[in-house]
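Heads up: the structure comes next, in structure tokens.
Convention: sequence-line order gives letters A, B, ...; per-chain numbering from 1.
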Amino acid sequence: MCCSSEKRVRTRFAPSPTGFMHVGNLRTALYAYLLAKSRHGDFVLRIEDTDQARYVEGAVQVIYDTLARAGLRHDEGPDRPGAYGPYVQSERREIYKKYAEELVRKGAAYYCFCGKHEAEPEGEESVSDAACVCPCRSMDPAAAAEMASSGRPHVIRQKIDRSGVSVFTDAVFGEITIENKVLDDQILLKSDGMPTYNFANVVDDHLMCISHVVRGSEYLSSTPKYNLLYRAFGWEIPVYVHLPLIMGRNADGEISKLSKRHGSVSFENLLAEGYLPEAVVNYIALLGWSPKSDQELFRLEELAEKFDVSGLNKSPAVFDYGKLRWMNSEYIKMLSPEAFAEVARPFAALPEKLSSAWPKIAAILHQRTELLSEIPGKIAFLAEVPAFENDLFFNKKSKCSPETAREILTELIPRFEALEALTPEAVGGIISAYAESHGVKLGQPMWAVRIALSGLPVTPGGPGEIMDIIGKDESLKRLKAALERL
RNA sequence: GUCUCCGUCGUCUAGAGGCCUAGGACACCGGGUUUUCAUCCCGGCAACACGGGUUCGAAUCCCGUCGGAGAUGCCA
């Protein structure tokens with residue numbers, strides 16, 4: 001029997017192996033993890049693979065990888081043996097069968113031989129399942145059991161008394177009342193012998209001693225059915241923690257449950273775009289939960305310390321890529337220069353000749369990067385000067401024009417040439433000296449040299465850094481080419 | 001259609017009858033610093049869905065309206 005006397009907090013994350021991890025699911029996992037850890041409890045991973053049609057090769061690995069990268073370490077799971085395994089539902093068939101049959105014996109469920117329902121034609125007054133009464137419902141139990149054991153295809157349905165109302169309490173939403181007449185005799189065991197989610201989650205949560213069921217609010221309206229199941233078995237009902245949904249906004253401004261059409265919604269996509277896992281975790285933690293303080297940046301351990309169900313919100317939250325981006329930039333800035341160079345490297349797409357200059361390139365990129373995937377675009381000019389017009393030499397603020405640029409380059413090129421090495425300091429010194437001797441703003445020669453060097457009005461780093469990175473030969477080549485066209 | 005839930009700046013949120021001329025953050029706008037841009041600093045714009053109650057007093061409680069979302073699968 002189970003451990004209902006045990007006070008230990010145990011939560012679970014129970015994803016279906018569909019091949020990718022939706023951020024909504026990740027957030028559910030995060031909250032389940034935080035709830036458990038904030039109370040020094042256990043966080044369990046269970047794989048819900050009861051839908052064979054949706055099985056995807058390698059999908060379980062995606063789940064492990066996601067949890068690992070997000071830092072959500074589970075205490076038990078298929079890969080971490082615990083006392084309540086197996087942790088994969090397809091390996092628990094016999095368990096569900098046994099309990100489903102127990103329910104039939106208790107009169108809380110029945111065999112149904114009706115076959116699949118055809119889809120109802122659109123537009124008609126749809127007759128809900130709840131309203132129609134299956135003839136199998138009133139079949140003689142002994143006869144039905146015999147038919148079932150003789151191999152006749154069947155499912156097992158929950159037998160629900162539709163009178164009265166069901167009331168339950170959710171830790172987030174409070175007291176919820178639902179009329180029993182809207183509850184249908186849902187299928188517990190499918191004709192292939194696999195349980196439905198509706199049945200498996202109850203059996204497993206009980207058997208695995210889950211104390212707090214953390215899940216999306218889409219399950220709110222079916223919760224009374226689960227409670228009926230717990231009662232039929234005589235099991236203790238867990239604490240429910242239903243989470244507000246994460247919404248997305250489409251191009252027309254319409255809001256609906258966040259899905260692929262709203263952008264990258266899987267954790268792996270987000271990482272591939274250059275969001276740091278810590279930033280994503282921090283961001284989604286605050287999507288629907290508030291620490292009730294003005295703090296917004298949290299390490300995972302800190303979240304586990306501060307997490308409390310009372311901070312959970314009831315209303316749906318719109319996923320805001322803009323704010324995620326800001327948070328990502330905060331995490332990038334917090335990285336040490338070495339760490340930044342390392343995480344950014346795979347995104348850089350550097351040509352061979354520049355690869356040894358990576359540490360220097362990373363240094364000028366560090367404080368100006370919000371998303372790692374923007375890096376190639378920011379540094380492409382290092383490999384090759386993009387086509388540009390001489391008009392680019394015009395700059396109001398620094399009073400620069402193609403004419404002044406010509407003067408500047410004419411005077412400066414020999415000085416750069418005379419330099420042993422084009423270090424940022426040496427280059428800066430020469431440019432400053434020019435500004436001073438000509439009585440112009442520093443920005444003027446800076447602008448001219450930058451444009452000549454990069455063909456861009458905006459570059460990471462200034463002329464000194466750029467020359468240092470591309471080297472003396474290449475620098476002079478570019479400056480001379482620019483002067484020639486002036 | 002039916003049922004359930006939700007409704008504070010554009011977005012994420014604080015607010016649990018007087019502390020609210022409603023606070024923070026992102027975004028946006030403006031200013032300053034700066035070797036461009038960015039970072040950084042300062043400032044600004046911007047919300048209690050609406051209508052009734054209850055109360056000396058309501059963003060906070062009650063009712064209604066409207067709006068939004070979810071559920072209604074041999075998916076989870």
Heavy-atom contacts, protein to nucleotides 30-48 of chain B, under 4.0 Å, summarised as B (base), S (sugar-phosphate only) or - (none) per nt, yield ----BBBBSSS--------
For a quick check, with a 4.0 angstrom heavy-atom cut-off, what is the B/S/- contact string for nucleotides 11-22 of chain B, read 5' to 3'? SBSSS-------
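Within the structure, a side-chain polar atom (N or O) of Lys190(A) is placed less than 4.0 Å from OP1 or OP2 of A76(B). Side-chain N/O atoms of Thr18(A) include none lying less than 4.0 angstrom from OP1 or OP2 on A76(B).
Close placement of the Phe319(A) and Tyr321(A) rings is indicated, their centers lying within 6.0 Å of each other. Taking the six-membered ring for Trp and the full ring otherwise, the centers of His366(A) and Phe340(A) sit less than 6.0 Å from each other. Checked against the 6.0 Å centroid threshold, Trp289(A) and Phe307(A) count as a close aromatic pair. Tyr219(A) and Tyr226(A) have their aromatic ring centers separated by at least 6.0 angstrom.
Closest to the side chain of Glu179(A), from the set C3(B), C26(B), G70(B), is C3(B). The Lys257(A) side chain lies nearest to A71(B) when the options are A71(B), C5(B), C75(B).
Look at C9(B): it lacks any Watson-Crick or wobble partner with both distances under 3.5 angstrom. Applying the Watson-Crick and G-U wobble criteria (two distances, each under 3.5 Å), A59(B) pairs with nothing in any strand. When Watson-Crick and G-U wobble pairs are counted only if both distances are under 3.5 Å, U21(B) pairs with no nucleotide at all. As the counterpart of G73(B), no nucleotide is assigned, since no Watson-Crick or G-U wobble pattern has both distances under 3.5 Å. Under the Watson-Crick or G-U wobble criterion, with both distances below 3.5 Å, G43(B) is paired with C29(B). Base pairing of U54(B) is not made with any nucleotide, judged by Watson-Crick or G-U wobble geometry with both donor-acceptor distances under 3.5 Å. Nucleotide C37(B) forms no Watson-Crick or G-U wobble pair with any nucleotide shown, as no partner meets the under 3.5 Å limit on both distances.
For the pair Tyr197(A) OH and C74(B) P, the computed distance is 16 Å after rounding to whole Å. The CZ atom of Arg215(A) sits 18 Å away from the P atom of C75(B) (whole-angstrom rounding). The CG-C1' distance, from Asn250(A) to G10(B), rounds to 15 Å in whole Å. At whole-Å resolution of the value, CD in Glu254(A) and C1' in G68(B) are 12 Å apart.
Using a 4.0 Å heavy-atom distance criterion, Met247(A) is classed as a sugar-phosphate-only contact.
The cationic atom of Lys225(A) (NZ for Lys, CZ for Arg) does not lie both less than 6.0 Å from the six-membered ring centre of Phe199(A) and within 45° of the ring axis.
Checked by distance alone, Tyr219(A) brings a side-chain donor or acceptor within 3.5 Å of a matching partner on the base of A76(B). The base of C74(B) lies outside donor-acceptor range of the side chain of Thr196(A), with no N or O pair under 3.5 Å.
Both Leu189(A) and Ser217(A) lie close to RNA chain B; mapped to their nearest nucleotides by heavy-atom distance, the more 5′-ward contact belongs to Ser217(A).
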Can you list the steps and then say if Lys323(A) with Asp320(A) is a salt bridge (charged side-chain N to carboxylate O under 4.0 Å, His left out)? CA-CA 6 Å; Lys323(A) 185 144 188 180; Asp320(A) 181 356; over 6 Å; no
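Exactly one of Arg137(A), Arg157(A), Lys159(A) qualifies for a salt bridge (charged side-chain N to carboxylate O under 4.0 Å, His left out) with Asp185(A). That residue is Arg137(A).
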